[in-house]
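One structure is given below, encoded as structure tokens.
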Amino acid sequence: MSKVIMALDQGTTSSRTILFNEAGEILASNSMEFQCQFPQSGWVEQHPEDIWTTQQITMVRALSEAKLTMKDVAGIGITNQRETIVAWNKETGEAIGKAIVWQCRRTTDICENLKKEGFGDVIRQKTGLVIDPYFSGTKMHWILKENEEAKSLARQGKLALGTVDSWLIWKLTGGEAFVTDASNASRTLVYNIFEQTWDQEILAHLDIPSDALPEVKGSSEVVGYTNLRLFDSSVPIAGIAGDQQASLFGQACFEKGMVKNTYGTGCFMLANLGNEGLISSHGLLTTIAWKINNEITYTLEGSIFIAGALIQWLRDGLKLFEHADVTEAMAQSVDDSGGVYIVPAFVGLGAPYWDPYARGTIIGLTRGTTREHIVRAGLEAIAYQAYDIFNCLQKDMGQSLPMLKVDGGATANNFLCQFQADILGVDISRPEILETTAMGAAFLAGLAVGVWPDQNALRTIRKEQRRFSPQLPAEQISVMVQGWEKAVNASKNWAKD
Ligand code: ADP
């Protein structure tokens, strides 16, 4: 029997296909970028056909790179940009209008009205989310209000509204399967994560007909087969998860209290909550991590808006260096940040401060401040922000969290990983394969088709590349953290009249 698993990682800027073998090694990887459109200020769209075509091309290319065909693939796992919504005609399979991307702010007014109506509590208690244009619900409402074709199809029961996983599976199965998984459903704003149903009260409030929504499946089960008109073999589609949840799974964070943080443009920190969801007291989001064998695992999620983006700004805005990879040596060339703190509140501050009026601050400058101090303060700022979220998770969960697993582009930086371990006072574990998102999708699919017998088998497949242990004394950390808190206070409220 074949033991090759194909992971489709459909992201916001590119589609990627990675082939994994039974040992979790990458056999081939192919990715292709595609365009976003910005038709108005704050609007972000993509062509649904681009999403599908680029994904399909990378599948073909990855197979050819590995000298394999679909006949060699045991199962397909899908992970995807979350919350982005596609509308299509269930009869013809044709997309209606553009995909509305998670970043799109076009439903800001709709959200403001929902908040004014006092609907926020209902949303929070049933979905674990907050009212924000980010999530799919108000995007679906917008399509049904603004797009005549969608409106008319909805009246005839022929409209499909789905997240990107649903769209890809529809395409892959030639329209046979109209499904999503619990992790993707939990990001739509219309799924009751505790009762595990599309929530009729919320759907009615947003005028979304439930027959336009996909069936919600488990994250690790066969939901359909690839259509023979597309490929030479009918391969089971056996794993689905939103990108951050997939990365939690790919990091083998299977038990309650296990946490991962992805350091990319921003950061996404997720903690495994076990089988019981809880609503955060610190504005973090409660989401379904995955549903396996009918059992739900919940996760608590905190995000940081600006992380690696701060390093990009130091590079492109301040022109302090040419390549991000020199920041490690620059930071290590000085003993400390020389008392400099950067608070990268470029777009306000998220958890636990929730201040949309905060703005970026560089504070503590003296005549002795050098470029190196500023670069070091930039990297430290990423770690301090993660420290804040980590503490929120600990408070919400009422337990101390034993370690942090990390991934994402910025974790190539050893200084950042070491500083993060020092500030948190826990070990940081960096895996060999940083493609944890694709790996998670592969794990979910491989479990369902028997490439791996159980989650235990996956623990050894995720290999640690390096561990960073805390080295600084607690008193020193406490002084440094106090400095961070003072700097955050200085950045608050800046943009308020
Ligand atoms: P995304 O998926 O959000 O595009 P990636 O995981 O590819 O992000 O990571 C890219 C981000 O990581 C960029 O913002 C970049 O500035 C940052 N980055 C890359 N290499 C380093 C490094 N060596 N040190 C610090 N930051 C880095």
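All residue numbers in this chain count up from 1 along the given sequence. Computed from a predicted model, the values in this text were never measured in an experiment. Whatever order the structure lists them in is the order used to number ligands and atoms, beginning at 1.
Ile279 pairs with exactly one of Thr286, Leu300, Leu285, Leu284 by the side chain to side chain contact (heavy atoms under 4.5 Å, CB included) rule, that one being Thr286.
Applying the salt bridge (Lys or Arg N to Asp or Glu O under 4.0 Å) criterion to Glu464, with sequence neighbours excluded, gives Arg467. With sequence neighbours excluded, the residues satisfying salt bridge (Lys or Arg N to Asp or Glu O under 4.0 Å) with Glu49 are Lys171. Scored by the salt bridge (Lys or Arg N to Asp or Glu O under 4.0 Å) test, Arg16 finds Glu435 as partners (sequence neighbours excluded).
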**Request:** Evaluate ring pair (Phe, Tyr, Trp, His ring centres under 6.0 Å) for Trp88 paired with Trp167, printing each intermediate quantity in order.
**Result:** CA-CA 8 Å; Trp88 68 95; Trp167 170 240; 5.2 Å; yes
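For ligand 1, residues of the protein lying within 4.0 angstrom by heavy-atom distance are Gly264, Thr265, Gly308, Ala309, Ile311, Gln312, Ala324, Asp325, Thr327, Leu379, Gly408, Gly409, Ala410, Asn413.
Interatomic distance, Lys260 NZ to Ser247 OG, rounded to the nearest 0.5 Å: 3.0 Å.
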